[in-house]
Amino acid sequence: RGSWARLCTSQIVGGHRISRFRVAPVVVELIFAYIGAAMKPKDDEKQRAIAQATFELVAQTGLSGLTMADIARAAGIATSTLYVYYPSKDELISQLYQDAKTVTAARIMEGVVPGLPYRARVRRAWGNLLRHRLDQYAEVVFQEEYYNSPWFTEGNREFSTRLMAGLFGLMEEGQQQEILKAVPIPLLTASLVGSVRETGNLIRTKVLPDEEAVHQMAFGLCWDALKS
């Protein structure tokens, strides 16, 4: 009761009791500090640190045990600062997925131009995806973990499908020309992506060297699985 009395005072005005609350100075300071941080432009370097910390933690331990405090610690920032950038874990992983998927989808189709023979275009997409996996392993694992997790939303599923339209279209073109097997497009893309994943794992673990000859052999096996 003593604490309440210190925080609340009242007086009678016109026959009505009017209560006034006193807020501790430290609380006021914290409120204004948070508002000030929220109004500052977000620092690109901090955002990159947050993203990289999240990718690496997920690659190491998975999504289920990931906490905002873990991410903040790994990124070298205060947890309160992380909440200024992302209000919740769900929003953080959703936004990072969209950013990472956008980069991945663009990289897959680099140099996949209509003038190339069809097999060469598929080979280019396969090679782009392999190189991206080797260069950005933690980021790619994060995407796969999130895609297969309970946190993956229907909105992000639709977002992913739109981004991958270029690769899906490439597979569909091959079917229309009767070059690829007449199976559902998701099966064709899963076969291609699976080939890249396993080849990447063999290279990362030093079972196979990261050489063009190895890439050619691995793609040859993938092509044999795709073609009609």
ILVMFWY cluster, [X] and [Y] together (side-chain gap under 4.5 Å):
{"X": "V193", "Y": "V183", "result": "yes"}
{"X": "F168", "Y": "L163", "result": "no"}
{"X": "L202", "Y": "Y137", "result": "no"}
{"X": "V140", "Y": "W126", "result": "no"}
{"X": "F159", "Y": "L92", "result": "no"}

Sidechain N-carboxylate O distance under 4.0 Å for [X], [Y]:
{"X": "E144", "Y": "R197", "result": "yes"}
{"X": "D210", "Y": "R131", "result": "yes"}
{"X": "K89", "Y": "D70", "result": "no"}

What pair of heavy atoms forms the shortest contact from [X] to [Y], and how long is it?
{"X": "A53", "Y": "A75", "result": "CB-N, 3.8 Å"}
{"X": "M68", "Y": "Y83", "result": "CG-OH, 3.5 Å"}
{"X": "V141", "Y": "A59", "result": "CG1-CA, 4.0 Å"}
{"X": "M171", "Y": "Y118", "result": "CA-OH, 3.9 Å"}
{"X": "C222", "Y": "S191", "result": "SG-O, 4.4 Å"}
{"X": "M164", "Y": "A105", "result": "SD-CB, 4.2 Å"}

Using the rule given for side chain to side chain contact (heavy atoms under 4.5 Å, CB included), can you reason through H132 versus E139, listing the C-alpha separation, both sets of side-chain angles and the distance that settles it, and then say yes or no?
CA-CA 9 Å; H132 186 61; E139 179 183 311; 3.7 Å; yes
Given the rule in the salt bridge (Lys or Arg N to Asp or Glu O under 4.0 Å) test, do D99 and R48 qualify, once you have shown the distances and angles that lead to the verdict?
CA-CA 11 Å; D99 293 344; R48 284 192 293 271; over 6 Å; no
How many angstroms lie between atom [atom1] of [X] and atom [atom2] of [Y], to the nearest 0.5 angstrom?
{"X": "L170", "Y": "L180", "atom1": "CG", "atom2": "CG", "value": "8.0 Å"}
{"X": "L226", "Y": "I179", "atom1": "CG", "atom2": "CD1", "value": "11.5 Å"}
{"X": "S195", "Y": "L221", "atom1": "OG", "atom2": "CG", "value": "7.5 Å"}
{"X": "E145", "Y": "I93", "atom1": "CD", "atom2": "CD1", "value": "10.5 Å"}
{"X": "F219", "Y": "L192", "atom1": "CZ", "atom2": "CG", "value": "7.0 Å"}
{"X": "Q47", "Y": "I77", "atom1": "CD", "atom2": "CD1", "value": "10.0 Å"}

Would R123 count as a cation-pi partner of W223, with NZ or CZ less than 6.0 Å from the six-membered ring centre and within 45° of the ring normal?
no
For a quick check under 3.5 Å, do [X] and [Y] share a side-chain donor-acceptor pair by atom type?
{"X": "E212", "Y": "Q216", "value": "yes"}
{"X": "H215", "Y": "T199", "value": "no"}
{"X": "Q177", "Y": "E173", "value": "yes"}

Step-by-step side chain to side chain contact (heavy atoms under 4.5 Å, CB included) determination, Q143 to T104:
CA-CA 10 Å; Q143 292 178 59; T104 300; 2.9 Å; yes
Has the side chain of [X] got a donor or acceptor atom that lies under 3.5 Å from a matching backbone atom of [Y]?
{"X": "R133", "Y": "G200", "answer": "no"}
{"X": "S228", "Y": "E178", "answer": "yes"}
{"X": "S149", "Y": "Y146", "answer": "yes"}
{"X": "Q175", "Y": "K181", "answer": "yes"}
{"X": "T102", "Y": "Q98", "answer": "yes"}

Check the orientation of Y147 and F152. Use parallel for under 30°, tilted for 30 to 60°, and perpendicular for over 60°.
tilted
According to side-chain contact (heavy atoms from CB on, under 4.5 Å), who are the partners of E154, at least two apart in sequence or on a separate chain?
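R157, E158.
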Pairing residues for D90 by the side-chain contact (heavy atoms from CB on, under 4.5 Å) criterion, not counting sequence neighbours:
S88, W151
Considering only heavy atoms from C-beta outward, does the side chain of P209 approach that of E211 to under 4.5 Å?
yes
Steps toward side chain to side chain donor-acceptor pair (under 3.5 Å) verdict (Q95, E91)
CA-CA 6 Å; Q95 186 59 57; E91 291 189 48; over 6 Å; no
Partners of F55 by ring-ring contact (aromatic ring centres under 6.0 Å, His included), sequence neighbours excluded?
F142
